[in-house]
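Just so it is clear, the model here is predicted, and its values are computed rather than measured. For the single chain, residues carry numbers from 1 onward in sequence order.
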Amino acid sequence: TLQSVEERKKLVSCFLWLLNPLTATVSSRGNAESLLAVLVLACLYSIMCKRLVVSAVLYGLAVHMKVFPIIYSLPLILLLDENYQDKKNNSTSLLKRLLNRSRMTFAIISALTFFLITFLLYLRYGMEFIEEAYLYHITRRDTRHNFSVYFYMLYLIQDSWLSFPIGIMAFLPQATLLLVIAVLLYRDVPFCFFVQTFTFVTFNKVCTSQYFLWYLCLLPLIMPYSRLGLLDAVVMGTCWFAGQCLWLAPAYFLEFQGYNTFILIWLAGLIFFGVNVYLLAKIIKNHRFKPTFIGGYLYSYHNKEH
């Protein structure tokens, strides 16, 4: 609505999230992913409305609830440049140009929100809260229900001294890609959010079905700017669901029938990884890039360039 997208495209994009069976299934089993989606989308909406303080508070809450939205920090900070402020920074100091008022405000308020909530919960639950909420994600190695390409390797070395350093090294390709994406795409911040999240989930050392909701909730924001047609969407959706089914079949026989299907699960995970990389490349190639702000004003859909 903010960017004057056509009504039909808005409805189709929203139905893709609201009527998605995966969204309904995951949300009905006790996961809080939909609440996280609300916080991320509300943060994005607020910053597009130039409600900087509100967006910073929402962002701090989102990172507190799930650590992964921390990946949005760089594109959000980069977005708050002269095009957002509509105010030319004539300072000759590089530091002053980088640390403008909008960036400092957003960084300070979001950090204060995050640390204040964390401190209050630390007072209530002690170091156990810090360990379970944050530190756990650094050392976590899920070797069972896992779509990740790292799953089988981490399973085989779980009792070895190599387990921890290799688990840490698994973050390197992921972190490198997230940094590059942020720098290249931050001006189109909804699309940057989507590509970063899709990349984060695909390359993560732990990947379960609930993680898919992290980027599916952002898909409606970028669909109106895609050149992909209905046939493309059907084929891509079929490939994505087929890749999951291919993994779920051997996973079922492992978990419910007790068969040793670890290699089949790993091979299916590699295929699903390839499918995701292909889908992401196709989405990026067919996206109409649009800066979120131009001269201090929000970009309008009707003014897009093909």
Side-chain angles (χ1 to χ4, degrees), residues 22 26 29 31 33 36 63 66-74 131-182 193-216 218 236 239-284:
L22 182 62
V26 173
R29 68 182 192 183
N31 293 92
E33 310 309 318
L36 178 65
V63 176
K66 288 272 189 178
V67 179
F68 98 86
I70 195 69
I71 66 177
Y72 305 141
S73 58
L74 182 56
E131 177 65 33
E132 296 295 331
Y134 306 122
L135 301 182
Y136 164 72
H137 296 283
I138 299 175
T139 58
R140 179 184 182 186
R141 291 178 298 280
D142 190 336
T143 57
R144 298 296 296 266
H145 299 74
N146 201 335
F147 287 96
S148 174
V149 292
Y150 299 109
F151 138 74
Y152 194 50
M153 175 183 66
L154 294 176
Y155 169 76
L156 292 175
I157 64 172
Q158 59 183 321
D159 296 323
S160 168
W161 65 271
L162 290 171
S163 179
F164 180 75
I166 289 180
I168 296 298
M169 289 175 63
F171 285 117
L172 293 179
Q174 183 186 50
T176 302
L177 286 170
L178 292 174
L179 177 63
V180 172
I181 292 167
F193 270 31
F194 175 82
V195 175
Q196 276 199 315
T197 311
F198 201 111
T199 302
F200 178 85
V201 172
T202 301
F203 284 82
N204 202 32
K205 66 177 182 178
V206 179
C207 180
T208 61
S209 295
Q210 69 190 64
Y211 292 13
F212 303 151
L213 300 193
W214 298 352
Y215 58 77
L216 284 178
L218 297 166
M236 292 169 69
C239 289
W240 188 68
F241 277 110
Q244 292 180 60
C245 292
L246 188 65
W247 183 93
L248 289 169
Y252 167 81
F253 283 102
L254 171 67
E255 294 300 322
F256 294 97
Q257 302 297 325
Y259 296 124
N260 184 355
T261 58
F262 279 103
I263 292 181
L264 292 177
I265 293 174
W266 175 62
L267 291 174
L270 291 178
I271 294 173
F272 187 54
F273 174 81
V275 168
N276 280 307
V277 171
Y278 163 74
L279 295 179
L280 182 58
K282 195 169 181 65
I283 290 171
I284 294 174

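- Taking every heavy atom of both residues into account, T261 and P250 meet most closely at OG1-O, 2.7 Å.
- Here CG of L177 is found 13.0 Å from CZ of F198. Values are rounded to the nearest 0.5 Å.
- The distance from atom SG of C239 to atom NZ of K282, rounded to the nearest 0.5 Å, is 10.0 Å.
- The aromatic rings of Y152 and Y155 sit parallel to each other, their planes meeting at less than 30°, with 60° as the upper class boundary.
- Atom CD in Q174 sits 10.5 Å away from atom CD in Q196 (nearest 0.5 Å).
- The two atoms that bring A170 and Y150 nearest to each other are O-OH, 3.6 Å, heavy atoms only.
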Apply ring pair (Phe, Tyr, Trp, His ring centres under 6.0 Å) to residues F272 and W247 and explain how you reach the verdict. CA-CA 8 Å; F272 187 54; W247 183 93; 8.6 Å; no

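- Every residue two or more places apart in sequence or in another chain was checked for a side-chain hydrogen bond (donor to acceptor under 3.5 Å, both in side chains) with Y278, and none qualifies.
- Applying side chain to side chain contact (heavy atoms under 4.5 Å, CB included) to L178 and the options I71, I70, L74 leaves one that passes, I71.
- With N276 contributing its side chain and T202 its backbone, the two residues share no donor-acceptor pair below 3.5 Å.
- Residues meeting the side-chain hydrogen bond (donor to acceptor under 3.5 Å, both in side chains) test with T197, sequence neighbours left out: Y72.
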Ring pair (Phe, Tyr, Trp, His ring centres under 6.0 Å) between F147 and F151, intermediate numbers included
CA-CA 7 Å; F147 287 96; F151 138 74; over 10 Å; no

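- If you run ring pair (Phe, Tyr, Trp, His ring centres under 6.0 Å) between F256 and each of Y259, F253, Y252, only Y252 comes through.
- Within the 4.5 Å cutoff, side-chain heavy atoms of L36 are placed close to those of P69.
- Judged by distance alone, the side chain of S148 and the main-chain N or O of N204 form a donor-acceptor pair under 3.5 Å.
- By the 6.0 Å contact criterion, CG on L172 is enclosed, its count of non-hydrogen atoms from other residues, nucleotides or ligands being greater than 12.
- Checked against side chain to side chain contact (heavy atoms under 4.5 Å, CB included), I166 has the following partners two or more places apart in sequence or in another chain: M153, L154, I157, L162.
- Applying the side chain to side chain contact (heavy atoms under 4.5 Å, CB included) rule to A133 yields the partners F129; only residues at least two apart in sequence or on another chain are considered.
- Enclosure of atom CZ in F273 by more than 12 non-hydrogen atoms of other residues, nucleotides or ligands within 6.0 angstrom is indicated.
- A 4.5 Å side-chain heavy-atom check between L254 and N260 finds every atom pair outside the cut-off.
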Next item on the list: For Y211 and V206, run side-chain contact (heavy atoms from CB on, under 4.5 Å): C-alpha distance rounded to whole Å, both residues' side-chain angles, the deciding distance at 0.1 Å, then the answer.
Entry: CA-CA 9 Å; Y211 292 13; V206 179; 3.7 Å; yes

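- Residues satisfying the side-chain hydrogen bond (donor to acceptor under 3.5 Å, both in side chains) criterion with Y215, sequence neighbours excluded, are W240.
- Residues forming a side-chain hydrogen bond (donor to acceptor under 3.5 Å, both in side chains) with E33 (at least two apart in sequence, or on another chain): K66, Q210, W214.
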Take I283 and M236 through the test side-chain contact (heavy atoms from CB on, under 4.5 Å) and record every step on the way to the result. CA-CA 10 Å; I283 290 171; M236 292 169 69; 3.7 Å; yes

- Task: Report the C-alpha distance between N146 and T208 in whole Å, list the side-chain angles of each, state the deciding distance to 0.1 Å, and finish with yes or no for side-chain contact (heavy atoms from CB on, under 4.5 Å).
- Result: CA-CA 6 Å; N146 201 335; T208 61; 5.6 Å; no

